[in-house]
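A short write-up of the structure that comes next.
In this text the structure is predicted, and so the values were computed from the model without any measurement. Just the heavy atoms: all of them, side chains too, but no hydrogens, waters or symmetry mates, feed the values below.
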Amino acid sequence: MSTPIALAAMGLVITEQAAITNIGIEGIMLIGAFVAVAVSYFTGSWVLGILASVAAGVVVALFMAVIHLKFKADVFVAGIAINLFAIEFTRFLLRNIFNTAGSFYDPNIVPIPSITIPIIDKIPVLGTLLSGFKLTDYLGIILVFVTYFILYKTVWGLRIRFVGIHPLSAETGGVHVNIKKYQAMILSGIFGGLAGAHLSLGYTRQFIENMTNGRGFIGVAAMYFGGVTPINTWFASLFFGFTEALGNNLQTFGLPSQFMLMIPYIATVVAITIGMIRKQKREKNNLL
């Protein structure tokens, strides 16, 4: 359950390092989820479904980047607009392409395959914990460390962080600030598309209206809670995945489902509050 949150959060870490809070990641994920299902259904290929989802994510992210960077719209307003558009756009496509409402499932939808790790799979406890998950679950873990490497071990990552900290100095040093921000948004579109494809072809095997269900916003919380660093953000994503799983499992004990489903969102509010307090303290220390 943490994989779509972690994938979205990695894209958010990159854009936040470039001083863009991309709350439109929710809409990017939702459009990516629909495109993945549609392409998988029509082509019979989960690979093409993922690639199409990533491409759709990049297009939406670039559209948001143009709104914010070229036309100077507030990034939060642009993000909210993308999210609202995604909900109605995917609903429109669901009705007009598949002639259905609410959800779409078909046996012709080819899901992302599960990966069995040969040796570990036979070990009683480790086999359950580490083997038999979807390919994107393992890819998500790898991408956490790839993101860390890109941000902290490459010149490009250094420039992205410099753009976020002091854009005027970066411009003076010969770095084109807007180009770097566009590049950061493209990467967030890739991560958002992957997260959407995992939701509809990995986590489930169908498209449901508004199936992201706030996971993009939870990714924002994980990013802040993790201090805008890849590794810590991944651990925060695991925590939110745990709270979602906890809420689902507690329902089996007869506890009210309404309250159990609130658990991940309560955790999100708490995490954002803690994250913002920590951010204010860092800013205060920097001023001192």
Side chain to side chain donor-acceptor pair (under 3.5 Å) filter on Glu209, not counting sequence neighbours, yields Arg91, Arg95
Would you please classify the geometry between the Phe239 ring and the Phe225 ring as parallel, tilted or perpendicular, with 30° and 60° separating the classes?
tilted
Stepwise side chain to side chain contact (heavy atoms under 4.5 Å, CB included) check, Leu12 with Thr233
CA-CA 10 Å; Leu12 288 163; Thr233 296; over 6 Å; no
Does Phe235 have more than 12 heavy atoms from other residues, nucleotides or ligands lying within 6.0 Å of its CZ?
no
Does some side-chain heavy atom of Phe191 sit less than 4.5 Å from a side-chain heavy atom of Ile14?
yes
Report yes or no: does Ser53 contribute a side-chain atom to a donor-acceptor pair with the main-chain N or O of Gly32 at less than 3.5 Å?
yes
Any residue meeting side chain to side chain donor-acceptor pair (under 3.5 Å) with Ser188, in chain and number order, not counting sequence neighbours
Asn22
What I'd like to find out is whether the side chain of Val144 reaches to under 4.5 Å of the side chain of Ile231, using heavy atoms alone.
yes
Smallest heavy-atom separation, Ala170 atom then Val177 atom, equals CB-CG2, 4.3 Å
Are Val146 and Val58 co-members of a hydrophobic cluster defined by side-chain heavy atoms under 4.5 Å apart?
yes
Can you establish whether the number of heavy atoms outside Leu129 located under 6.0 Å from its atom CG is more than 12?
yes
Joint cluster assignment, Phe133 & Leu126, ILVMFWY side-chain distance < 4.5 Å:
yes
So, taking the atom named NE2 in His198 and the one named OG1 in Thr204, what distance separates them when rounded to the nearest 0.5 Å?
8.5 Å
Please answer: with hydrophobic residues joined when any side-chain heavy atoms are less than 4.5 Å apart, are Val35 and Tyr105 in the same cluster?
no
To the nearest 0.5 Å, what is the distance between CD1 on Ile82 and CE on Met64?
7.0 Å
So if you build clusters from Ile, Leu, Val, Met, Phe, Trp, Tyr with side-chain heavy-atom gaps below 4.5 Å, do Leu7 and Val59 land together?
no
Hey, is the main chain of Ile20 close enough, under 3.5 Å, to the side chain of Thr15 for a donor-acceptor pair?
yes
Validation: residues 152-164 side-chain donor-acceptor distances under 3.5 Å, sequence neighbours left out:
unit_1, atom_1, unit_2, atom_2, d
Tyr152, OH, Gln17, NE2, 3.3
Thr154, OG1, Ile150, O, 2.4
Thr154, OG1, Gly157, N, 3.1
Trp156, NE1, Gln183, OE1, 2.6
Arg161, NE, Leu151, O, 2.8
Arg161, NH2, Leu151, O, 3.3

Are the side chain of Thr243 and the backbone N or O of Ile263 linked by a donor-acceptor pair below 3.5 Å?
no
Take Trp46 and Leu135, measure what side chain to side chain contact (heavy atoms under 4.5 Å, CB included) needs, and give me the verdict at the end.
CA-CA 11 Å; Trp46 61 270; Leu135 175 65; 3.5 Å; yes
Correct closest heavy-atom pair for Arg205 and Pro107 would be NH2-O, 2.8 Å
So, taking the atom named CD in Glu26 and the one named CG in Asn210, what distance separates them when rounded to the nearest 0.5 Å?
6.5 Å
Note, Glu16 side chain near Thr21 side chain (heavy atom, < 4.5 Å)
yes
Counting only heavy atoms from other residues, nucleotides and ligands, does the tally under 6.0 Å from OH of Tyr138 exceed 12?
yes
When rounded to the nearest 0.5 angstrom, what distance separates CZ in Phe92 from CZ in Phe85?
10.0 Å
CD1-CG distance between Ile87 and Leu30, expressed to the nearest 0.5 angstrom:
6.5 Å
Among pairs that include at least one residue of residues 188-201, which meet salt bridge (Lys or Arg N to Asp or Glu O under 4.0 Å), considering only residues two or more places apart or in two chains?
none
Could you pull out all donor-acceptor pairs under 3.5 Å where a side-chain atom in residues 213-220 meets a protein atom, sequence neighbours excluded?
unit_1, atom_1, unit_2, atom_2, d
Asn213, ND2, Tyr265, OH, 3.1
Arg215, NH1, Met211, O, 3.0
Arg215, NH1, Thr212, O, 3.3
Arg215, NH2, Glu244, OE2, 2.7

Partner residues of Asp137 under the side chain to side chain donor-acceptor pair (under 3.5 Å) criterion, sequence neighbours left out:
Thr3
Do you know the tightest heavy-atom contact between Ile28 and Gly193?
CG2-N, 4.0 Å
Taking everything shown except Tyr182 itself, do over 12 heavy atoms lie less than 6.0 Å from its OH?
yes
Indicate the ring-plane relationship of Phe34 and Phe207, choosing parallel, tilted or perpendicular according to the 30° and 60° boundaries.
perpendicular
Is it true that a side-chain atom of Asp121 and a backbone atom of Ile117 form a donor plus acceptor pair closer than 3.5 Å?
no
Nearest heavy-atom neighbours spanning Gln206 and Ile109:
CA-CD1, 4.5 Å
Ring centre gap for Phe71 and Phe63 strictly below 6.0 Å
no
Between Thr136 and Ile50, which heavy-atom pair has the shortest distance, and what is it?
CG2-CD1, 4.4 Å
Working for side chain to side chain contact (heavy atoms under 4.5 Å, CB included), residues Ile80 and Leu84:
CA-CA 6 Å; Ile80 291 170; Leu84 294 175; 4.0 Å; yes
Could you tell me the separation between the CG atom of Leu238 and the CE atom of Met1, rounded to the nearest 0.5 Å?
13.5 Å
Do you know the tightest heavy-atom contact between Val37 and Ser200?
CG2-CB, 3.4 Å
Between Leu69 and Val175, is there shared hydrophobic-cluster membership here, with clusters defined by ILVMFWY side-chain heavy atoms closer than 4.5 Å?
no
